Each structure stands twice: as C-alpha cells, then as structure tokens.
Amino acid sequence: MSVLRVGNASGFYGDRFDAMREMLTDGPLDVLTGDYLAELTMLILGRDRMKNPGAGYARTFLRQLEECLGLAHERGVRIVTNAGGLNPAGLADAVRALAGRLGIPVRVAHVEGDDRIAGHPGALAAHAYLGGFGIAACLRAGADVVVTGRVTDAALVTGPAAAHFGWGPTEYDRLAGAVVAGHVLECGAQATGGNYAFFGEGGATRPGFPLAELHEDGSSVITKHPGTGGLVDVGTVSAQLLYETAGARYAGPDTTARLDTVRLTREGPDRVRIDGVRGEAPPPDLKVGVNRLGGFRNEIVFVLTGLEIPSKAALVRQQMRAHFAASGARPAEVAWDLARTDRPDAATEETASALLRLVVRDPDQEKVGRALSGAAVELALASYPGFHVLAPPGKGTPYGVFEAARVAQDAVDHVAVLHDGRRVPVPAARDTAVPHPVPEPPLPEPLPPGPVRRAPLGLVAGARSGDKGGDANVGVWVRTDDAWRWLAHELTTERFRELIPEARELRVVRHQLPNLRALNFVVEGILGEGVAAQARFDPQAKALGEWLRARHLDIPEALL
C-alpha cells in the first residue's frame, strides 16, 4: 500500500501558532496531527472547566483551524488531535459549528472513555491514556477531523497508521514501529533541531515541524518539508527517542515497543530511516494521570549584592524564621535556595549579585499570601545592605500535584463517536503481558588506556532530559562506536550521582540502549510532586541534561 505521510503541527498547548498553516502549505501530507496535552496542561484545563463547564479543551486549536480548515479540506489532509483535553465532545461540536460558519463540508468525530474522575474523588482531572484504535475507527468511517481527549502521544500516529494499512490489534511489530515514529513526532520541532544539544549544526532559528513517511511494515522515514529550517539527522532523532522514556520496553495501550531494537539510518539530507522495531503485547492496564490541587504557593527572590553573600543570606533566613515564630503562621513547607550568580570584582551590578529564593507552600492561602509578603516587605529598611527583591511578593497562587495510577484495560469504556453520531465500542487489548525490565546487555569492550584530559562531557556526548510526574529522565548519547565504548563504562549510576549532586540521595536507574549508543537515567523523586508543584528551579528537568553535559570528567584525548 502507499506511504502514509503524517506530520505534526503542535508539541504542546502554546506551540507555534503558524505551524498548522506551514505544514499544510509547505509540502504534501495525508494526516496532520497536533499534540496539545501534558501533565501540566490537564491541570490548566481542569481549572478552566471549574470556571466554565463547557470549557476544558485547547482553544488555540480552534483559532488555528479557523484559518486552516479550508486548506486541509482542499488538500485532502485529515486532522487528528488530542486538543479535546477534558471535553472532546465539546471541541468536536465547536469544530462542527466553525465548519458550518465557514461553509466547509467536513466530517468530525471524537473519541471518549478516558475520563476517570469518578474513581478519584477530589481530583481536578483524572484521565486514562487510551490507544489509537478509537482514532482508527473514526478514520475508517470517513472522518476528516478526529478529536480526542487523553490518548498516548504516539496514538495520534498509531491510529491513522492502523486505519490506513488495515493493521489489527495484534500486529505488534508494525504498531511498535508507528509508536516509535509517533514518539519522535510528538514534541514537534524537538525532532528537527529544536532544543538540540548540538544546536549549532543546523538552522535552529526557526526549525520546521517534522513528518513521518510510514510504511506498511511499520518502518518509517523521519523528515521535514523541503526548504524549512532546522535539520533531521540521527542525532536529533536519537535525542527525541530518549526524551521522557526509560528502559528498553516502552509500554503503551496498543503495544509495548522495544526501544533496544530500533535501528536508525541516515537515508539522505534531512531523512532518517527507522526500522527493525519489535513489539510485544501491551500491558493489562492503562496509565491514569491524576491532577489535584495541592494547596497554595508563593515565592520571593531576594537580591544579594557584593560582599559577604553567605552572611547576608543567613540574616534574611534568620529574620524570616523569627517572623514565622512570632506570627505562629509558619507555612507547611519552607524552602530556601541560594544561586551564586555573583562574580568577584564584577563589572556590572547584576553580575555582582546572587539570588536567594524563598518558596513556601501551605493548604491555607493566607499563610503564603499577605502574611508572608507583608513580612518580606517589612524587611525593606531593616535587613542586609542593598536589600531589594526581584518583584513585589503577591498573593499565594494554587499549585497542582500529579500522580500516576493504573486501571485495567477492560474497565475503560473506549468509544469512537463517529461523524454520523454512531457510537462504536473499542475493545480492550485481547492479549496482554506485564512489561518486566529487559536484562541489561553486556558492556562493550572498553577503550585501551591512553592520555585523558579534564573536559566537559558535552564535548563528546549529547543529552536530553524531561519529566514524568515526580521523576526525571536524562538520555545521553554519543555519535561514534569508540565514544560509546568509553561512555558505557564511564557514566555509571555512581558517576551520575557524583556529577548531579541533587541525585545523591535518590534512586537512579541506568538503562543501556546500544543500538542508539545511549544511556538513559531515571532519577526518581527529583521533581517532588510533579511540574505543577514547582519543587525545584527547573521543575520539568528540561535542562538537567545540559547541566550534566557541562560537568567535567577525564575524557580520552582520542575522543576530543
């Protein structure tokens, strides 16, 4: 059967608005996807729905569609998106109303069954991650636009692929190939040079969005429209494959993809072939993302300039502790962090200054609001020399807590609501298997001894990092076999903890992926209760990999 060209125009709620038009006008496509959902997004949409029960979907998608629905219709491009968020039926109705107003005859379907709020009392949102066969049912019935709620990011590709090629639910290798392609596409320009460790190698100013040419056997070619910015090479694809994954088994509702079987081959300029992917039966249960309001938080950043920075920081801490003791209103959580951004004999005031960050959390908004901000303001003329803050402290703001739960596949009513109103149940996976860890492969032969030089890891290795609830993952890859022989022996979990002091008391799990010349580290609990809780300076661990690359090791001179 023919190649299926699937492009992506959104990696998150707030991504480049013009991407949908660019993907429709810059080259041919069969299906255009848009990923708008993340753990934090579900919290945002949940708060929207509290204010307006008819809300709960990504409104940006509708605005994009207003100028692009006609283009998609003219070019025969079908649109598949999870922008439905907490209210896919509401967004589907809004798309129909928009199409009617514009006079464009499109068939709109949606997918239901992910909402699990009834099983999680008190949660703001609770949604199971569905697979792609509800999307496939909508497309097979003739839908031009398919709207979903919470599906796996890769389902936006597995659904169209299953519909186009006629795959059944047990064709695990083919489905796994589509899962891998979908994972590469899901974060948009991260596959085309965005956020890339070696960003100086090609066109990161305005990278184009990626597309996959999918084949009937499950293989694919990752590329982009001709003439668009950025680059697609083995490195950019490797980086995205490592993003927010862990071990060799990448479990999803349609199949468990074996990341240790992925083969990447440069096929030409901006073309990387993915093949060899093996798949296994999916797990018997689905992940459920649960978002709750955790309480209220506030933050004050004190600026400390010049001499005696530690003493100035100690004075502020002492004064705030005294305030909490005197008022009897100490917040439940009080966290201090001193960032030594100052330099000796600095040429500017800014570079002579350090930042002392105070973050407080409490179920009582008053304890983190006016009571706290008043205490900080009262120090303005009674604290360290040069006292000032980056911004006046405000009222406490609500923060969210994310947790992952599980639900049996057959306990979820996965339904495809077709464009003509028919409701088609999507059966749960018939065969399932619990995804146990794959035994670690043997280490490669170490490099022979030779001279070394103390240098940053990033001179020989790329990295990409991200968040999964309270955990972070850091994928590290190299580009030559010799570099892999060194990295596999040098970057142990012990060395990782040494280079990343925040991880010293945490559980760190290392996974080897020799086909990608990569190691993937999962750091459990480093993000506390998830991104919405903002437990650390970089709450989504987006730059954790770049910090690791900046750390110095003894690197063989032959690799430098």
Side-chain angles (χ1 to χ4, degrees), residues 12-13 35-58 82-91 110-131 134 147-153 155 244 251-254 282-297 332-333 361-365 397-415 417 425-426 428-429 432 434-435 467-471 524-525 527-535 539-540:
F12 70 100
Y13 190 11
D35 180 7
Y36 293 79
L37 301 185
E39 292 165 1
L40 181 61
T41 315
M42 300 302 277
L43 178 70
I44 293 169
L45 295 178
R47 292 180 63 189
D48 286 348
R49 191 172 59 173
M50 287 177 65
K51 301 172 187 174
N52 176 7
Y57 54 77
N82 61 15
L86 279 58
N87 188 6
L91 179 57
H110 72 276
V111 176
E112 293 182 351
D114 59 305
D115 194 343
R116 305 296 300 170
I117 193 72
H120 297 273
L124 193 60
H127 292 264
Y129 288 66
L130 304 179
V147 172
T148 77
R150 198 24 141 171
V151 295
T152 64
D153 300 335
E244 295 182 347
D254 297 322
D285 51 15
L286 303 176
K287 177 182 174 181
V288 178
V290 183
N291 291 91
R292 305 181 188 275
L293 287 176
F296 297 87
R297 74 182 295 279
E333 295 180 48
R361 294 182 178 83
D362 197 277
D364 183 350
Q365 187 174 17
T397 57
Y399 71 90
V401 172
F402 176 85
E403 64 186 56
R406 310 294 299 186
V407 64
Q409 285 222 28
D410 58 10
V412 172
D413 295 322
H414 189 178
V415 177
V417 184
V426 179
T432 62
V434 176
D467 64 306
K468 278 295 178 186
D471 302 339
E524 297 183 3
L527 302 180
E529 295 175 301
V531 54
Q534 298 186 33
Q540 290 182 280

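Quick note: residue numbers are just sequence positions, from 1. Remember, predicted model here, so these are calculated numbers, not experimental data.
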Nearest 0.5 Å, please: how far is CG in L86 from CD1 in I117? 8.0 Å
Is there a donor-acceptor pair closer than 3.5 Å between any side-chain N or O of D471 and the backbone N or O of G525? yes
Salt bridge (Lys or Arg N to Asp or Glu O under 4.0 Å) partners of D362, counting only residues at least two apart: none
What's the spacing between T148 OG1 and H414 NE2 if we round to 0.5 Å? 8.5 Å
Would you name the heavy atoms of A429 and P282 that are closest together and state the gap between them? CB-CG, 3.7 Å
In terms of side-chain geometry, is the basic nitrogen of D364 or R361 positioned less than 4.0 Å from the acidic oxygen of its partner? no
Distance from D48 atom CG to L124 atom CG, nearest 0.5 Å? 9.5 Å
Any donor and acceptor pair, going by atom type alone, linking the side chain of D467 with main-chain N or O of P539 inside 3.5 Å? no
Considering non-hydrogen atoms only, spot the tightest contact between R292 and L43 and give its length. O-CD1, 4.3 Å
Strictly distance-based, threshold 3.5 Å: is any side-chain N or O of E39 a donor or acceptor partner for the main-chain N or O of K468? no
Between D35 and L37 (side chain of the first, backbone of the second, donor and acceptor by atom type, cut-off under 3.5 Å), is there such a pair? yes
Using the side chain to side chain donor-acceptor pair (under 3.5 Å) criterion, which residues pair with E333? Sequence neighbours excluded. none
Which heavy atom of H120 sits nearest a heavy atom of A126, and at what distance? CD2-CB, 3.8 Å
Taking side chain as C-beta onward, heavy atoms only, is P88 less than 4.5 Å from V111? no
Non-hydrogen atoms of L45 and Y57 that approach each other most closely: CD2-O, 3.6 Å
Name all residues meeting the salt bridge (Lys or Arg N to Asp or Glu O under 4.0 Å) criterion together with D115; count only those two or more places apart in sequence or in a different chain, and write none if there are none. none
Between the main-chain N or O of Y129 and the side-chain N or O of D114, is there a donor-acceptor pair closer than 3.5 Å? no
Go through R116 and V412 one step at a time and tell me if the side chain to side chain contact (heavy atoms under 4.5 Å, CB included) criterion holds. CA-CA 8 Å; R116 305 296 300 170; V412 172; 4.3 Å; yes
Distance from E244 atom CD to Q540 atom CD, nearest 0.5 Å? 8.0 Å
Spatial distance of atom CG (N82) from atom CG (D153) [nearest 0.5 Å]: 6.5 Å
Taking all heavy atoms of E112 and all of L130, pick out the closest pair and write down the distance. O-CD1, 3.9 Å
Find the distance between CZ (R150) and CE (M42) and round it off to the nearest 0.5 Å. 5.5 Å
Exercise: identify the closest heavy-atom pair between P121 and A118: CD-O, 4.3 Å
